[in-house]
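Report on one structure; see the data block that follows.
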Amino acid sequence: MANIKSQIKRIRQNERRRIRNKSTRSEIKTYMARFRKAADAGDKEVAASELKSAVQKLDRAAEKGIIHKNNAANKKSSLTKQFDRMA
C-alpha cells in the first residue's frame, strides 16, 4: 500500500474508473449480443435498431477512452458486415 497521500488518492480514483469502465465494456457486449441475436433470427427491422444502439455505445466508449478507437471501428465494421449480409 502506498504511503504518499496523492498516491493513495490516485489508487482510489483508478479503482472507481476501473469499475465504471468494466460496466461500460459489459454493456457494449450486451448491445452487440442483442444485435447478433436479431440478425440470426432474420428480423431486419429489429436488427437495424439494435445495430444503431450498438454503434452509438461503441462510439461513446471510444470517445471516452474506455476502448481504443480502432477497436470500436473494427467492431462496428464487423456488425455492419453482418447486417449487410442479411439483405
Revision key, fill the gap. Here the gap from R16 atom CZ to N21 atom CG, rounded to the nearest 0.5 Å, amounts to 12.5 Å
Point to revise | For the student: nearest non-hydrogen atoms of A47 and A39, plus distance | key: CB-N, 4.2 Å
Check your understanding: Would you call R12 and E15 a salt bridge, taking side-chain N to carboxylate O under 4.0 Å as the test?
Key -> no
**Study point:** A54 versus L79, closest heavy-atom pair with distance
**Key:** CB-CD1, 3.9 Å
**Study point:** Distance in Å, I66 CD1 paired with N71 CG, rounded so as to fall on 0.5 Å steps
**Key:** 12.0 Å
Practice item. Kindly compute the distance separating OG1 (T24) from CG (L58), expressed to the nearest 0.5 Å. Key: 11.5 Å
Review point. CE of M86 to CG of D40: how many Å apart, nearest 0.5 Å?
Key: 8.5 Å
Review point. So which heavy atom on K44 is nearest to which on F83, and how close?
Key: O-CE1, 3.8 Å
Check your understanding: More than 12 foreign heavy atoms under 6.0 Å from CZ of R34: is that the case here?
Key -> yes
Review point. Heavy atoms, side chains only, cut-off 4.5 Å: are D59 and K76 in contact?
Key: yes
Review point. If you round to the nearest 0.5 Å, how far is CG of N70 from CG of N74?
Key: 6.5 Å
Point to revise | NZ-CD distance between K22 and E27, expressed to the nearest 0.5 angstrom | key: 15.0 Å
Review point. Do V55 and M32 come within less than 4.5 Å of each other through their side chains, counting heavy atoms only?
Key: no
**Study point:** Close side-chain approach of R18 to N14, heavy-atom, < 4.5 Å
**Key:** no
Review point. Is S77 reaching over with its side chain to a backbone N or O of A73, donor-acceptor style, under 3.5 angstrom?
Key: no
Check your understanding: Do Q13 and R10 have a side chain donor and acceptor closer than 3.5 Å?
Key -> yes
Exercise for review: Flag the pair Q56 / Y31 as yes when at least one side-chain heavy-atom distance between them is below 4.5 Å, and no otherwise.
Suggested key: no
**Study point:** Minimal non-hydrogen separation, A62 against K69, with atom names
**Key:** CB-CA, 4.0 Å
